[in-house]
Each structure stands twice: as C-alpha cells, then as structure tokens.
Participant: 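Have a look at this one before I ask anything.
Not measured: the values here are computed from a predicted model. Any value given below was found using the heavy atoms of this structure, including those in side chains, with hydrogens, waters and symmetry copies removed. We name chains A, B, ... by the order of the sequence lines, and we start the count at 1 in each one.
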There are 2 protein chains.
Amino acid sequence: MSHFVNHFEENYLKELYKLGQKEIKKVNNIALAKAMELNPATVLEMVRKLTEKKLVALQPDKSIALTEKGRKKALMIVRKHRLWEVFLVNKLHYKWSEVHQLAEQLEHIDSEDLVNRLEEFLEFPAFDPHGDPIPDKNGKIKKNSSIALSTASKDKTYLVQSFADTADSFLDYLAALNIQPGTKIKIVDQLQYDNSFTLNINKKNVQVSQKVASNILVQPAT
Amino acid sequence: MSHFVNHFEENYLKELYKLGQKEIKKVNNIALAKAMELNPATVLEMVRKLTEKKLVALQPDKSIALTEKGRKKALMIVRKHRLWEVFLVNKLHYKWSEVHQLAEQLEHIDSEDLVNRLEEFLEFPAFDPHGDPIPDKNGKIKKNSSIALSTASKDKTYLVQSFADTADSFLDYLAALNIQPGTKIKIVDQLQYDNSFTLNINKKNVQVSQKVASNILVQPAT
DNA sequence: CTAATTTATTTGGTTGTCCAAATAAACTAT
DNA sequence: ATAGTTTATTTGGACAACCAAATAAATTAG
C-alpha cells in the first residue's frame, strides 16, 4: 500500500512537466487526459487532490500549472528516470531504445539517497542515453547554451562542456584523445566525403567521425 | 495501474514462501494475516483470488500451501530481492543492514531480462549480503548441505563451496588468501582468546577471524 | 446573437485492497 | 461433553483510482 501510493501522483506530475516542456499552449484537463489516456473525470478528480496538496494550481483560464513544489517533485522523477536509463545502458548494456519502459518503473523507487548513490556510481552523467539533461539533486538542469561540436563554426575555438553520450566506450575514446570538460577545441576542417572532422586539440590535429563530433557539446570560448 | 497490479499478489506469495521456509507448522489465515499485518478478512479474500489463479491451494486442514506455479513466482521475487540487495551493497556501498527496505521496492520491478542482466553484472553471486542463497533463473536454490567453516571440525579437510558474504572487500581478501570455491581447507586450531582460526591452505597456515570463517561455506571433502 | 461544437463538471457506478465487528466452526481443557 | 477459547468466515462498509454518460458552461461559427 504505502509503497505505491505516489505512483499515480508522480505520473500526473511528470506528465504535466513533460507537457509543459514541449507545448507552449496551456495544459488543460482534456490535454492531460488525452496525454495520459485517462478519462477527463478521472483527471479532474486527481487534479483537485493535487491542488489540495499545493502541487498544482488551477489558473483562471482553467489550465493546470505546476507549483514550485510540484515542479521540484516532477524534476526529481525526471532525474530518477534518466539516471536509471544511464544505469541500464552503461552497466546492463541495454540499447538506448529499450530502456524507457524499465525506467518508468524504476523512477518510482522511493529513496533520495539511492538515486544520489546511483548518480555517484554512474560518475555524475550530465545527460541520459537519449541526450536529455539530468537534473541535479537540487533540481537544476544544466542550461543548454552549449551546441554540438558538429554544428560549430570552423576556425573558432570552443570549450568542451559535456557529452551527449555517456557510453563507456565513447568516454574511453574521449579520454584517449584527451578530451574532457574544459578542453579547448578548434575545428580545422570537415571532410566532404564522410563528414568527419579534423580537430585541433592541444596544438595537435586529430580526426573524429561526425557521430563523435555530434556527441561533444561545446560553448564558444570567451 | 498495470505496473503495480501484482505488488499485492507478489507480497502474499513472498510471505507464504518465507513462512513456509522458517516454520514447520502449517501456515493458516491467522498466521499469514499476522505476518503481513493485515486483517484476516483481507487475507482470506486475497487467498481465494490466489486459489482461483492456481497460485495457492487450500489444504484440507485449512492451511495455505503454494502450488508449484506459486512457488516459482515466489522464488522469482526472492531472486530479484536478493540480487538487488547485492547490487545495493556491492555497487552502491550500502551496509547490509540498510538494504532490505529498498530491495522490497526493487523486487517488484517487472522484467525477467533485467534481473538476468543484473545477475550477470554482479557476476552471478550465489548468496545475498545476508548470506541467503539466490535462486537461479530456473528457481533452483543452491542446496545448502554446506556449513560455515566456523562450525566445522578440527583436523578434517573441507572443500570451499561458496561465501555467505559477497562484499568486494571480503572477496578481495579471500582472493589474496587464495581461497575460492573448490579450495581445500583444514582447521588447524582455534584461538580461545578471539575465536580466530588457524587454517591450513595449500600446505601453508594462515590466520583468519571468526567473522571471516563464518562467511566461508564448506562441505566435508570426500 | 443564437446554434453548434467543444470543454468542463457532475453523477452514478465498478473494481481492488483494506478494515471492524458479528457469527460460525473448530479446537482445548477440565 | 460442555464451557471457553481460538480460528475461520461472513457481512457491511471505507477509500482510491478509474470510467461512461449526462449535464453545464464556454467557445466558435454562421
């Protein structure tokens, strides 16, 4: 009983957060019901309970908005979901396309401490296997002013910010190239033939594939 | 909804299995209700549903017995529980005393494949951090004809079967002493002072604590 | 500005897990 | 074997999440 009382609540909050992210238009009863494949009556009932709990606030225009408290909770669920995805992919060798279902279950495991330890065990990944940012324990999401190196301009110097792929093999490869957060990189050239890049790192030129470049997130160097 | 439909059922099956293990006397309604801290009426209702599903069979003497199907299910839950415990202790560095609650949640994650991968990731531990055996994917539990080395007789030769502790540090220690499944061990002496043991391994004598000896499971050598 | 449509809410009902209290059945001990 | 106790079952009801269908309110279109 006590274990999964919150599953429902958590799913509503998560869905509200997700809808809020992707759609600018207001999230109303109907939209939520449709997104969650539930009857509007059911959703309304639950939204009222969430309003009681100050997790959600009904706007004058009848749209449903997360309160700050609700947003925090939603972010913690997203955090858990994405960290478990990293675990499943990096440690249990699932493909990124297979992990969503499982993460939907694991995200409801109720322990702040567990998720923090998991994060440490995974060495604080900034992104999940799909490249979505992982909120930190305070709910802060790494602001993505960074761009993929593959979309950067030639001959300008960039600072490596993070990586969109957290696979061990990728990270090992980066380590071998001496690429880590903070590393300065300049695009020397891009080959027309296979879209691979010639990069200048620490005054040495190296060749990387388009895929690798797309998974290196950079900011313009100041 | 679909995610946790089985939580209740699973908890009943697990409890029945556990009671069946430790107590020889029949498991009746009252006993189950007491163990699960539920009202007998509730338990009776649920036991009927489980009977419908052929997971449980009511005996003539009104005791409740798991069917083969029910036992298999229960074993799979126990398997998940114990593997997650190993994960929590070995990988996330929880203490063995802290993991039960969390494992109670994790054991309900519904994926055969996940638990099999987890088992592989943990390198097929035979015992959980408490020393309880972990059923394999077919529900087979390593028969425990083995005894703790600490309870073995002096001057007889034993064969190491497995370990009741799966902590990395313990296993590292064992490796350093060249103790592994199959190793022949003879107890040379036990010190009265601290209950530590002098063991003969490969014709060399080593000294181990009472704790270490209690976590080494052995069988009499043929 | 009314009619048609969409959106929001209410009503009445189902299902699953749970309980307290009443009753029935089965032991237990003298 | 009968009173007393324990065990088993039934009854009636609570509560949470859900739904379909009816109604009410708001929006949009003509």
Participant: Does the separation of the ring centres of Tyr173(B) and Phe163(B) fall below 6.0 angstrom?
Facilitator: no

Participant: In whole angstrom, give the distance that lies between atom CG of Asn29(A) and atom P of dT6(C).
Facilitator: 17 Å

Participant: CD of Glu45(B) versus C1' of dA14(D): gap in Å, rounded?
Facilitator: 13 Å

Participant: Does this structure show an ion pair linking Glu104(A) with Lys14(A), if we count only N-O contacts that are shorter than 4.0 Å?
Facilitator: yes

Participant: Looking only at side-chain N and O atoms, does Thr42(B) come under 4.0 Å of OP1 or OP2 in dC19(C)?
Facilitator: yes

Participant: Say whether, by atom type as modelled, one donor and one acceptor occur between the side chain of Gln219(A) and the main chain of Ser146(A) under 3.5 angstrom.
Facilitator: no

Participant: Nearest 0.5 Å, what's the OG-CG distance between Ser111(B) and Leu106(A)?
Facilitator: 9.0 Å

Participant: Can you tell me how far P of dT15(C) sits from CD of Glu9(B), to the nearest Å?
Facilitator: 18 Å

Participant: In residues 58-65 of chain B, which ones come under 4.0 Å of DNA chain D, going by heavy atoms?
Facilitator: Lys62(B)

Participant: From the list dC19(D), dT10(C), dC19(C), which nucleotide is the closest neighbour of the side chain of Arg48(A)?
Facilitator: dT10(C)

Participant: When you measure from the side chain of Tyr94(B) to the backbone N and O of Glu85(B), does any donor-acceptor pair fall under 3.5 Å?
Facilitator: no

Participant: Among Lys80(B), His7(B), Glu10(B), whose side chain to side chain donor-acceptor pair (under 3.5 Å) with His108(B) holds?
Facilitator: Glu10(B)

Participant: Taking only residues two or more places apart in sequence or in another chain, which ones pass salt bridge (Lys or Arg N to Asp or Glu O under 4.0 Å) with Arg48(B)?
Facilitator: none

Participant: Axis-to-axis angle across the helix from dC1(C)-dG30(D) to dT30(C)-dA1(D), five pairs an end, to 10 degrees?
Facilitator: 0°

Participant: Does the distance from a Lys or Arg side-chain N to an Asp or Glu carboxylate O, for Arg79(A) and Glu119(A), drop under 4.0 Å?
Facilitator: yes

Participant: Using a cut-off of less than 4.0 Å, is there contact between a side-chain N or O of Asn28(A) and OP1 or OP2 of dT7(C)?
Facilitator: no

Participant: Whole angstrom is fine here: how far is it from NE2 in His7(B) over to C1' in dA17(D)?
Facilitator: 16 Å

Participant: Could you check how far CG of Leu38(A) sits from C1' of dC19(D), rounded to whole Å?
Facilitator: 10 Å

Participant: When you look at CD of Gln59(B), are more than 12 heavy atoms from neighbouring residues, nucleotides or ligands closer to it than 6.0 Å?
Facilitator: yes

Participant: Can you give me the N/O atom pairs linking the protein to nucleotides 20-22 of chain C at distances under 3.5 Å, or say none if there are none?
Facilitator:
unit_1  : atom_1 : unit_2   : atom_2 : d
dA20(C) : OP2    : Asn39(B) : ND2    : 3.4
dA20(C) : N7     : Asn39(B) : ND2    : 3.1

Participant: With respect to the phosphate group of dC18(D), does any side-chain polar atom (N or O) of Tyr12(A) fall under 4.0 Å of OP1 or OP2?
Facilitator: yes

Participant: Looking at dT9(C), dA17(D), dT17(C), which one has an atom nearest to any side-chain atom of Lys49(A)?
Facilitator: dA17(D)

Participant: Just checking Ile30(A): base, sugar-phosphate only, or nothing, at a heavy-atom cut-off of under 4.0 Å?
Facilitator: sugar-phosphate

Participant: Between dT7(C), dT9(C), dC18(C), which nucleotide has the shortest distance from any of its atoms to the side chain of Phe8(B)?
Facilitator: dC18(C)

Participant: Donor-acceptor pair, Arg117(A) side chain versus His93(B) backbone, under 3.5 Å?
Facilitator: yes

Participant: Grab the CE-P distance between Met46(B) and dT9(D) for me, whole Å please.
Facilitator: 17 Å

Participant: Considering residues at least two apart in sequence or located in another chain, which fulfil the side chain to side chain donor-acceptor pair (under 3.5 Å) criterion with Asp194(B)?
Facilitator: Ser196(B)

Participant: Applying side chain to side chain donor-acceptor pair (under 3.5 Å), which residue pairs with at least one partner in residues 67-78 of chain A are found, sequence neighbours left out?
Facilitator: Glu9(A)-Lys73(A)

Participant: Output the rounded distance in Å from CG (Leu44(B)) to P (dT9(D)).
Facilitator: 5 Å

